[in-house]
Chemist: 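I have a structure here, written as C-alpha cells, and I will follow up with some questions on it.
Residue numbers begin at 1 in each chain, while the letters A, B, ... track the order of the sequences. Just the heavy atoms: all of them, side chains too, but no hydrogens, waters or symmetry mates, feed the values below. If you're wondering where the values come from, they're calculated on a predicted model, not measured in any experiment.
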Amino acid sequence: GENVEQHPSTLSVQEGDSAVIKCTYSDSASNYFPWYKQELGKGPQLIIDIRSNVGEKKDQRIAVTLNKTAKHFSLHITETQPEDSAVYFCAAGLGGTSYGKLTFGQGTILTVHP
Amino acid sequence: SAVISQKPSRDICQRGTSLTIQCQVDSQVTMMFWYRQQPGQSLTLIATANQGSEATYESGFVIDKFPISRPNLTFSTLTVSNMSPEDSSIYLCSGTGDLASSQYFGPGTRLLVL
C-alpha cells in the first residue's frame, strides 16, 4: 500500500520567516495531495491541495509543489505568523476503486516565535 | 467546501460499553470515511462508509468492533463496540465529492475509555 514520509517532525521559525515541510510517497498511482493544519482540540483543516496534473499551486502565503518523478511534494509558508503554529499533515490519495482514501504523513509541529 | 459536524464532541466511557458517533455533512458527498487519530499520532483510515451497503474496512479494522452505517449521502455513524482503554482516540469523519473535489474533515470526537 501507499506510504507517506513527512519531514521534519518539528520546525521552529521566527515570525516573518518561511517554513518548508516535505513529504515523499511510494505509490506512483497517487494523484491527490492535500495538506491539513490541525490546531489543538480541533479537526484537520484543509489548507491547500494539489492534483498530479499540476506542478505547483499557490494561495496567498501558502504554496505546494509536486514532483511526480521524484514522488515528493512540499508545503511552503511565507511570512509566517504566530497563528500559523499548529501541526501540519500531508497526505496522498489514490484514484480508481481507492478513490478518496488518504494515507497521512506523521505530521510536523510548526512553532512560529513572535 | 463541505461543512462536517460530529456528535458527540467528546465522551468518557467505561470499558465494555459501546459509543455511537454521528457525522453530518451539509451537502451531498460521494464518499465518506472514518479515521482514527491516537494521542499525538497521525490519522489512520478505519473504513469507507458506503451508502446503503456495508462499509469497506481497512486492514486491522473489523465490522464487529467498528460497525458503520450510512443511510444517505449526508449522514453516517460509527460505533466503537466493547470498548477498552486502547480505543481512547480521536475519531474523525471526512467527506469528498467527485474526482475533482477536495476532502474535508469534521472536528472529531474525543473518546476516553476508563
Chemist: I'd like to check the side chain to side chain donor-acceptor pair (under 3.5 Å) partners of A:His7; sequence neighbours left out, ordered by chain and number.
Modeler: none
Chemist: Please tell me whether A:Val4 and A:Val87 are part of a single hydrophobic cluster in this structure, the criterion being side-chain heavy atoms less than 4.5 Å apart.
Modeler: no
Chemist: Evaluate whether atom CD of A:Glu79 has more than 12 neighbouring non-hydrogen atoms of other residues, nucleotides or ligands under 6.0 angstrom away.
Modeler: no
Chemist: Could you tell me which portion of B:Gln41 (side chain, backbone, both or neither) has an atom closer than 4.5 angstrom to a non-hydrogen atom of chain A?
Modeler: backbone
Chemist: Would you say A:Tyr36 and A:Phe33 are hydrophobically clustered, going by side-chain heavy atoms of ILVMFWY under 4.5 Å?
Modeler: no
Chemist: In this structure, would A:Phe104 and B:Ile4 fall into the same cluster of hydrophobic residues linked by side-chain contacts under 4.5 Å?
Modeler: yes
Chemist: Is B:Leu43 close to chain A through its backbone or its side chain, or both, or neither, when contacts mean heavy atoms under 4.5 Å?
Modeler: both
Chemist: Count the heavy-atom pairs under 4.5 Å between each of A:Lys42, A:Gln45, A:Gln106, A:Arg51 and chain B, then report the option with the highest count.
Modeler: A:Arg51
Chemist: Counting only heavy atoms closer than 4.5 Å, note whether A:Pro44 contacts chain B via side chain, backbone, both or neither.
Modeler: both
Chemist: Is atom CD of A:Glu83 surrounded by more than 12 heavy atoms (other residues, nucleotides or ligands) closer than 6.0 Å?
Modeler: yes
Chemist: List for me each residue that meets side-chain contact (heavy atoms from CB on, under 4.5 Å) alongside B:Ser9, sequence neighbours excluded, and say none if there are none.
Modeler: none
Chemist: Just checking heavy atoms, which of residues 105-114 of chain B are less than 4.5 Å from chain A?
Modeler: B:Phe105, B:Gly106, B:Pro107, B:Arg110
Chemist: Going from CD1 on A:Ile48 to OG on B:Ser102, what distance comes out if it is rounded to the nearest 0.5 angstrom?
Modeler: 10.0 Å
Chemist: Nearest 0.5 Å, please: how far is CG in B:Leu92 from CD in A:Gln38?
Modeler: 7.0 Å
Chemist: Of the non-hydrogen atoms in A:Gly100 and B:Thr96, which two are nearest, and what is the gap between them?
Modeler: CA-CG2, 4.5 Å
Chemist: Do A:Val54 and A:Leu102 belong to the same hydrophobic cluster, where Ile, Leu, Val, Met, Phe, Trp and Tyr are linked whenever their side-chain heavy atoms lie under 4.5 Å apart, directly or via other members?
Modeler: no
Chemist: Using non-hydrogen atoms and a limit below 4.5 Å, what part of residues 46-78 of chain B faces chain A?
Modeler: B:Thr48, B:Glu58
Chemist: Within a radius of less than 6.0 Å around CZ of B:Arg10, do more than 12 heavy atoms belonging to other residues, nucleotides or ligands occur?
Modeler: no
Chemist: Report whether B:Met31 and B:Val25 are members of the same hydrophobic cluster (ILVMFWY, side-chain heavy atoms less than 4.5 Å apart, transitive linking).
Modeler: yes
Chemist: Do A:Phe89 and B:Gln37 come within less than 4.5 Å of each other through their side chains, counting heavy atoms only?
Modeler: yes
Chemist: Backbone N or O of A:Gly105 within a donor-acceptor pair of the B:Ser42 side chain at under 3.5 Å?
Modeler: yes
